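These notes are about the structure you will find just below.
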There are 2 protein chains.
Amino acid sequence: MATLHELSEFRRPLPINLANRPTASNCDDCGARHSGLCNALTDDELEFLTRAAQRVSLAPGTVFVEEGEKASYFYNINQGNVRLFKSLPDGRRQITGFAGPGYFLGLAAGENNAFSAEAMDHVKLCRFSRASLMAVFEELPVLERKLLDVAMHELVLAQQQMLLLGRKTAIERIASFLLAWAERLEICPAGRLPAPNAVMKLPLSRTDLADYLGLTIETVSRSLSQLKRDGIIDIPNIHEIILTRPRALSEIAEAAV
Amino acid sequence: MATLHELSEFRRPLPINLANRPTASNCDDCGARHSGLCNALTDDELEFLTRAAQRVSLAPGTVFVEEGEKASYFYNINQGNVRLFKSLPDGRRQITGFAGPGYFLGLAAGENNAFSAEAMDHVKLCRFSRASLMAVFEELPVLERKLLDVAMHELVLAQQQMLLLGRKTAIERIASFLLAWAERLEICPAGRLPAPNAVMKLPLSRTDLADYLGLTIETVSRSLSQLKRDGIIDIPNIHEIILTRPRALSEIAEAAV
DNA sequence: ATGCGGCTTTGATCCATATCAAAAGGAAAA
DNA sequence: TTTTCCTTTTGATATGGATCAAAGCCGCAT
């Protein structure tokens, strides 16, 4: 069974916020007061939801959702990062997204999963059987609304990514990605630019980056090098980027005329 | 105000079907008994929903959803076809989907619309203000479930498209598209192949096709010509395709090894 | 019928990115 | 420290699809 702490956040960056529960109690696990879904629920409701979840711990590299398999579960990530992807028989891979702590996952599925999911590092998550979560909806309609919000936000991101994959050049893809990643890390509010010289962790291999952006690792590397040469970013080490001139980055990303 | 007929179908091809209303009355407009959402509702509920919708008629070429504008409405298409797309300032365009009769539209939006929508021919649709539809949820939770199903199905399609745009070759994109279009036209059930020599209407310009598949019109034309040369399809006229050998098409689309 | 204009196809060439190859880090083991 | 192995960067070359150009096709108005 899962704890309040583990359920506390159903994906932070949502387009529509639910009202906070005014007198939320502090978390049994960590003492903090959690934002997100839980604050919209009563204690009884929370208890109800908690019973529907199993806690799971995954080693790095574990593929815990398999494309094409029967879609049996939803997941809420508490710790670690997950790669979502689709593959072709000859090994080509398209990463469709990355999910970190607070992300809710499993919506892109009908009868069967449309994607695979793999732990990038040590991952802890809450697992809900689809049937039990659907049953919970009867008691907690607010949860269904929350899921709809999550799905709608996913759709916005998916359409952005289609524009990127279908119509942007390599350097535009890299620039777009860096800015989107900054938003994701909450280095800046959605739709705003980060401050000049903002520092950003980027815990992805070049291979992941390439498979997410529809490029090869060589092109990713070359594009990053070019942005560095042009003084728009700096790369102190492989997993860190300094956004020296975010404005310039944004002009490239949006193909400003 | 909209009629039962106009509301009768909230997008046909759904991954999860709602139970039919056993004793659905026939449609006031057309006399037929409609499948889809309406059959899951009582007459009172239907009446309630009907009041929340305005009927709208659009001339070909009308852009009735503008990317970046405040997202105020959802739409349910009754007649005609719609292009959904995103653009870059220099005119590059990525079509993210096509919506025909029965399609529900407007989910890919947070505060603002993530896409634009344009009537491809004469379109009739029902328009719901977001606020009023949200209000309807209180009375008709089944509607919210339905919308979640629609959104989940959209996500499945979006991920398929990301794989196509990020990792498939031109000819694979064309082959994938033709099979997906056949499913959409219900020439074959989802996940199955059409019968050999199935005939298919394709009411899209090469430009639309190119902007949907992330290619140029020349490449679209060349790829279609090649499939024709190889005896896999036939093209009796611009807006009609014969799927001579669907199995071969599928092997190309899925990059079978 | 004839001619015009827009779409589509086909051909020739170019170029952005992939592919192939090798050198340069950088972390962990010996 | 040195070696090994793996990832990343950089360089050289190839190529799939874009771009540029022209010819075909077809509907429509005259």
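What you see below is based on every heavy atom in this structure, not just the backbone, and it leaves out hydrogens, waters and symmetry mates. Everything quoted here is computed from the prediction, not taken from an experiment. Letters A, B, ... are given to chains in the order of the sequence lines, protein chains preceding strands, and every chain is numbered from 1.
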**Report entry** Whole angstrom value for the distance that separates P of C:dT9 from CD1 of B:Ile235
**Finding:** 6 Å

Report summary line: Scanning both residues in full, the closest heavy-atom pair of B:Arg247 with B:Leu193 reads NE-CD1, 3.4 Å

Query raised in the report: Which ones in residues 248-257 of chain A lie close to DNA chain D, meaning a heavy atom under 4.0 Å from one of its atoms?
Result: none

Query raised in the report: Side chain of A:Gln94, backbone of A:Tyr212: donor and acceptor closer than 3.5 Å?
Result: yes

Requested in this report: Mark yes or no for whether B:Arg173, through its side chain, and B:Leu215, through its backbone, hold a donor-acceptor pair below 3.5 Å.
Outcome: no

**Report entry** Sub-4.0 Å heavy-atom contacts from residues 213-229 of chain A onto DNA chain D, ordered by number
**Finding:** A:Glu218, A:Ser221, A:Arg222, A:Ser225

Query raised in the report: Tell me: CD1 of A:Ile174 to C1' of D:dT9, nearest whole Å?
Result: 14 Å

Query raised in the report: Rounded to whole angstroms, how far apart are NE2 on A:His239 and P on D:dT7?
Result: 11 Å

Requested in this report: Whole angstrom is fine here: how far is it from CG in A:Leu202 over to P in D:dT7?
Outcome: 16 Å

Query - Heavy-atom pair of closest approach, residues B:Ser223 and B:Ala170 - result: OG-CB, 3.8 Å

Query raised in the report: Taking only residues two or more places apart in sequence or in another chain, which ones pass side-chain contact (heavy atoms from CB on, under 4.5 Å) with A:Val156?
Result: A:Gln160, B:Ala114

Requested in this report: Check whether any side-chain N or O of B:Glu118 sits under 3.5 Å from a backbone N or O of B:Phe64 as a donor-acceptor pair, and report yes or no.
Outcome: no

**Report entry** Rounded interatomic separation in angstrom, taking CD from A:Glu240 and C1' from D:dT8
**Finding:** 17 Å

Query raised in the report: Passes salt bridge (charged side-chain N to carboxylate O under 4.0 Å, His left out), A:Lys201 versus A:Glu240? Steps please.
Result: CA-CA 5 Å; A:Lys201 290 251 177 258; A:Glu240 207 166 282; 2.8 Å; yes

Query raised in the report: Starting at CD1 of A:Ile233 and ending at C1' of D:dT9, how long is that distance when rounded to a whole Å?
Result: 14 Å

Query raised in the report: Within the distance-only criterion (no hydrogens, no angle test), does the side chain of B:Arg92 pair as donor or acceptor with the backbone N or O of A:Ala255 below 3.5 angstrom?
Result: no

